[in-house]
Amino acid sequence: MSEALATLEQAKQLGLLEEEFNKIKEILGRTPNFTELSIYSVMWSEHCSYKNSITLLKTLPRKGAKMLVEAGEENAGLIDIGDGLACAFKIESHNHPSAIEPYQGAATGVGGIHRDIFTMGARPIASLNSLRFGNINNKKTQHLMRGVVKGIGDYGNCFGVPTVAGEIYFEDCYNTNILVNAMSVGVVKVGETVSAIAEGAGNPVYIVGSATGKDGIHGASFASGDLSEDSAEDLPSVQVGDPFQEKLLLEATLEAIKTGAIVGMQDMGAAGITCSTSEMSAKGKHGMKIFLDKVPTRQAHMKSWEILLSESQERMLVVVEKGKEKIIEAVFDKWDLHCEIIGEVIDGERLLYYMFDELVADVPAESLVLGGGAPIYKREIKEPEYISAIKKFNADKINIPTDMIVVAKKLAANVNIASKKWITVQYDSMVGLKNTSTNLPSDAALIRIIGKNKALAVTTDCNAKYVYADPYIGAMIAVSEAARNIVCSGAEPAAITNCLNFGNPYNPEVYWQFTNAIKGMGDACRKFDTPVTGGNVSFYNQSEEGPVYPTPTIGMVGILDDHKNQMTLDFIHAGNVIVLIGKATNDIACSEYLKAVHNDPLSPAPYFNLDEEYNLQQAIKEIIKNKLIDSAHDVSEGGLFITLLESAMINNLGFEIETDKLIRKDAYLFGEGQSRVVVSTTAEKAFVIENICKEFSVPVNVLGRVTDGSISVDSEDFGNINTYKEIYDTAIGRYMILL
């Protein structure tokens with residue numbers, strides 16, 4: 001190799017530590033050249049290696065009766081959903097790119113997560129997202145939000161996969177570091193998946209899909225550092241997506257898989273060719289000989305390291321059975337896509353990269369990957385100072401407002417509570433669906449499986465403010481709320497994927513948050529028997545202002561054996577009895593009410609008990625199974641009043657209720673104590689519900705009844721449902737129309 005040897009200074013500029021540079025030299029038995037150093041810099045970046053998280057991630061439950069592959073084995077999780085079918089699903093972040101270039105950052109996040117699904121042979125049938133932005137009054141926030149939403153909508157709508165669910169929050173800590181988490185859900189027949197593996201010496205290696213450009217170079221490294229005012233200079237690290245090209249790639253890929261000629265396949269996400277060649281080779285315990293000059297490029301005279309590290313979108317690496325080249329080439333030619341042999345699988349476990357017959361890099365594949373030679377760390381932890389202030393919170397010092405109607409209207413207009421209609425109308429929830437999204441209002445979105453009675457229930461959930469207040473409890477609540485949403489829709493929770501968004505792991509307070517959140521997540525997943533199928537860790541969501549709230553987003557999939565048993569959240573009949581299932585508590589901690597009305601003093605996470613949550617969900621399942629209710633809606637942000645409002649507004653109905661006089665009124669109406677569900681039913685069935693709840697030791701209380709549109713609390717007239725509906729539906733749009 002004629003290329004000059006790399007230096008320690010170059011290593012540091014690429015984000016490597018001195019000890020890591022020395023380890024590379026030890027692995028190679030020599031000093032790497034710049035191309036080799038570049039390879040290690042992206043593969044050992046936090047984004048690719050999980051070097052600061054893998055030890056803790058291994059403590060999460062990763063096995064279960066429905067699991068078909070263990071977490072980390074493939075591009076996405078895979079669970080058995082019955083009837084000979086499997087569900088592939090995964091959630092990942094595209095935070096830093098979206099903060100710099102919101103449209104392309106979000107669009108390519110959607111494209112990348114869909115590729116993880118169809119690379120395995122599954123057809124994506126649904127898309128979800130979880131978004132965090134800064135203060136909505138800021139013009140920058142409005143600009144970023146508009147770009148992200150349009151990027152998600154345009155890519156999904158053009159690609160032909162419906163966006164069926166999501167969540168969005170606005171908090172000041174996300175002013176610089178927004179979070180854009182994208183989830184994809186797909187379906188495949190059991191036994192018809194393809195593995196990301198390279199084996200069989202002599203088998204040709206293809207690159208298929210789009211040509212390779214200079215977009216996205218060092219994107220993985222870009223995602224493994226804090227954002228600053230200078231981050232805009234890293235704009236070339238943001239990839240550019242083409243949903244029409246991805247649609248062609250999807251159809252070609254699924255058709256190619258059916259030929260039986262494919263040995264292994266992996267999409268090119270973070271670190272591009274470098275990542276796909278190294279991970280496939282390491283898994284198959286084979287090497288590869290790759291000729292980079294054979295890679296179709298969009299720009300002339302691209303350097304070897306640029307081709308290796310490019311994160312250009314809509315590309316796959318495919319290992320084909322020798323002798324079946326013409327079969328595969330015919331498929332991709334039919335779809336008018338590049339399909340070029342760029343190398344071959346070889347014995348041994350080394351990756352040999354050539355440029356015009358010159359060897360430019362020679363590295364062992366195993367040394368690059370997670371669980372192989374990549375470094376593993378467990379960082380120092382320290383309880384944050386703000387926790388001591390939280391422990392001093394005293395609700396008795398918070399005055400109870402005299403005018404609850406004012407509070408109710410203020411919360412209905414709260415952007416963390418109000419309708420996300422301004423966003424959702426930009427997403428096509430029905431596009432391309434042979435599998436049909438019901439679009440009925442329920443706590444989790446339901447997608448019917450073509451030709452079956454079966455449906456999947458899907459949701460994304462995390463209240464990061466709860467996690468900030470108590471990472472252990474907050475992470476348990478995130479899992480529990482996801483499961484509660486699945487259960488309230490009529491389905492059975494099956495498994496989760498996670499997207500763990502945190503600050504800089506070298507910050508001991510951030511790592512304390514991460515450590516405790518992982519413990520809480522693991523305990524909740526074990527309780528609900530919802531193993532972790534995989535996901536994504538996104539550290540370095542931090543700027544000069546500090547880290548974002550710890551945001552371990554949960555993407556959960558549930559199974560509904562008969563879609564006719566779906567439960568919706570809307571009140572249907574005036575005169576129905578309204579029942580609260582679960583314990584009402586004298587708790588206002590960490591609530592949107594506390595933030596909106598009392599200037600958000602530091603407070604603990606809301607009341608939560610994992611055993612009580614589990615019992616509640618078992619009771620709700622039994623109640624739905626016995627067809628005893630017309631609606632079910634869990635109590636979350638905004639408390640009981642907002643839950644009632646959301647159930648009433650859909651059919652322009654109202655409600656009249658009586659509060660519990662033993663509990664402070666603001667806590668009863670607006671507190672966010674967990675493990676509660678509001679249901680509507682007939683008076684006769686209410687007695688049966690009470691007996692079921694007694695069996696599961698779950699408190700139950702008849703609140704009142706559904707009305708024709710009026711709202712009454714303790715006999716006080718709160719107005720008409722239409723007033724609240726106008727406030728609720730237009731809250732976010734009022735901010736965005738001013739941009």
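In this structure, the side chains of Val678 and Glu646 stay at 4.5 Å or more apart for every pair of heavy atoms. Here the side chains of Asp443 and His633 are in contact, with some heavy-atom distance below 4.5 Å. Proximity of Phe528 to Glu613: side-chain heavy atoms (C-beta onward) are separated by under 4.5 Å at one or more points. Between Leu440 and Leu446, the closest side-chain pair of non-hydrogen atoms is not below 4.5 Å. At a threshold of 4.5 Å between non-hydrogen side-chain atoms, the residues Ile387 and Tyr468 do not count as touching. Asn541 has its side chain out of reach of Pro547: every pair of non-hydrogen atoms, C-beta onward, lies at least 4.5 Å apart. Residues Thr533 and Ile496 are not in side-chain contact: their nearest non-hydrogen atoms beyond the backbone lie 4.5 Å or more apart. Put simply, the side chain of Ile588 reaches to within 4.5 Å of the side chain of Tyr593, judged on heavy atoms.
Formation of a donor-acceptor pair under 3.5 Å by the Lys410 side chain with backbone atoms of Ala596 is found in this model. A donor-acceptor pair is defined here as one N or O able to donate and one able to accept, closer than 3.5 Å; such a pair exists between the side chain of Thr707 and the backbone of Ser710. Without hydrogens or angle criteria, Thr682 side chain to Lys685 main chain gives a donor-acceptor distance under 3.5 Å. In this structure, Asp461 contributes its side chain and Ala478 its backbone to no donor-acceptor pair below 3.5 Å.
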Is there a side chain to side chain donor-acceptor pair (under 3.5 Å) between Asn414 and Glu592 once you walk through the steps? CA-CA 8 Å; Asn414 184 306; Glu592 289 295 328; 3.2 Å; yes
Could you check Lys595 against Glu171 for salt bridge (Lys or Arg N to Asp or Glu O under 4.0 Å), going step by step and ending with a plain yes or no? CA-CA 11 Å; Lys595 176 182 177 181; Glu171 300 286 355; 2.8 Å; yes
What do the steps show when you test Lys583 against Glu612 for salt bridge (Lys or Arg N to Asp or Glu O under 4.0 Å), and what is the final call? CA-CA 9 Å; Lys583 183 194 291 185; Glu612 290 177 6; 3.1 Å; yes
Show your working on salt bridge (Lys or Arg N to Asp or Glu O under 4.0 Å) between Lys391 and Glu383 and close with a plain yes or no. CA-CA 13 Å; Lys391 292 175 180 177; Glu383 183 178 277; 3.7 Å; yes
Side chain to side chain donor-acceptor pair (under 3.5 Å), that's the test. Do Glu656 and Ser712 meet it? Break it down for me. CA-CA 4 Å; Glu656 59 180 35; Ser712 170; 5.1 Å; no
Please assess Lys465 against Asn416 for the test side-chain contact (heavy atoms from CB on, under 4.5 Å), listing each intermediate value before the final yes or no. CA-CA 11 Å; Lys465 194 174 176 186; Asn416 285 342; over 6 Å; no
Side chain to side chain donor-acceptor pair (under 3.5 Å) for Ser631 and Asp570? Distances and angles first, verdict last. CA-CA 6 Å; Ser631 69; Asp570 52 324; over 6 Å; no
Working note: Glu545 + Thr176, criterion side chain to side chain donor-acceptor pair (under 3.5 Å); need CA distance, chi angles, decisive distance, verdict. CA-CA 8 Å; Glu545 292 81 33; Thr176 298; 3.1 Å; yes
Test Glu492 against Ile486 for side-chain contact (heavy atoms from CB on, under 4.5 Å), laying out the working first. CA-CA 7 Å; Glu492 179 74 31; Ile486 297 287; 5.9 Å; no
Go through the steps to decide whether Asp523 and Lys527 satisfy the test salt bridge (Lys or Arg N to Asp or Glu O under 4.0 Å), and finish with yes or no. CA-CA 6 Å; Asp523 285 351; Lys527 186 71 173 180; over 6 Å; no
Would Leu131 and Val148 count as a side-chain contact (heavy atoms from CB on, under 4.5 Å) if you check the C-alpha gap in whole Å, the side-chain angles of each, and the deciding distance to 0.1 Å? CA-CA 9 Å; Leu131 310 176; Val148 165; 4.1 Å; yes
Go through the steps to decide whether Gln542 and Phe502 satisfy the test side-chain contact (heavy atoms from CB on, under 4.5 Å), and finish with yes or no. CA-CA 8 Å; Gln542 185 162 336; Phe502 287 78; over 6 Å; no
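Salt bridge absent: Lys564 and Asp562 never bring a charged side-chain N and a carboxylate O closer than 4.0 Å. Salt bridge Glu658/Lys665: absent, no basic N to carboxylate O contact under 4.0 Å. The existence of a salt bridge linking Arg132 and Glu167 is confirmed by a sub-4.0 Å separation between a basic side-chain nitrogen and an acidic carboxylate oxygen.
Residues Asp587 and Tyr607 share a closest heavy-atom pair of OD2-N, 2.5 Å. Shortest non-hydrogen contact noted between Asp729 and Ser419 is OD1-CB, 3.7 Å. Smallest separation of non-hydrogen atoms from Ala469 and Ala605: CB-N, 3.6 Å. Scanning all heavy atoms of the two residues, the minimum distance from Ser538 to Asn95 falls at OG-ND2, 3.0 Å. Among all heavy-atom pairs drawn from Thr497 and Gly535, the shortest one is OG1-CA, 3.5 Å. When all heavy atoms of Ala731 and Ala413 are compared, the closest pair comes out as CB-O, 3.5 Å.
Between Cys87 atom SG and Ile559 atom CD1 the span is 8.0 Å, to the nearest 0.5 Å. Residue Leu628 holds its CG atom at 10.5 Å from CG of Asn691, rounded to the nearest 0.5 Å. Within the model, atoms CD1 of Ile91 and CG of Asn181 stand 5.0 Å from one another, a figure rounded to the nearest 0.5 Å. One finds the SG atom of Cys499 at 11.5 Å from the CG atom of Asn129 (value rounded to the nearest 0.5 Å). With rounding to the nearest 0.5 Å, the separation of CG in Asn463 from CD in Glu672 is 6.5 Å. Note that CG of Leu653 is 5.5 Å distant from CG of Asn651, once rounded to the nearest 0.5 Å.
Remark: Lys454 NZ is packed, more than 12 non-hydrogen atoms of other residues, nucleotides or ligands lying under 6.0 Å away. Environment of CD in Glu726: sparse, with no more than 12 heavy atoms of neighbouring residues, nucleotides or ligands closer than 6.0 Å. Within a 6.0 Å sphere centred on CZ of Phe393, heavy atoms belonging to other residues, nucleotides or ligands number more than 12. Other residues, nucleotides and ligands contribute more than 12 heavy atoms inside 6.0 Å of the OH atom of Tyr386.
Asn516 is linked by a side-chain contact (heavy atoms from CB on, under 4.5 Å) to Pro471, Tyr472, Trp512, counting only residues two or more places apart in sequence or in another chain. With sequence neighbours left out, the side-chain contact (heavy atoms from CB on, under 4.5 Å) criterion links Met567 to Ile624, Ile629, Ala632.
Between Phe641 and Phe718, the ring planes lie tilted relative to each other; the angle falls in the 30° to 60° range. Under the 30°/60° scheme for interplanar angles, the aromatic rings of Tyr549 and Tyr174 are found to stand perpendicular.
Of the options Gln674, Gln617, Arg676, Arg484, a side-chain contact (heavy atoms from CB on, under 4.5 Å) to Asp634 is made by Arg484 and by none of the others.
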Under 3.5 Å, which donor-acceptor pairs link side chains of residues 396-409 to any protein atom two or more places apart or in another chain?
residue	atom	partner	partner atom	Å
Asp403	OD1	Ile405	N	3.1
Asp403	OD1	Val406	N	3.3

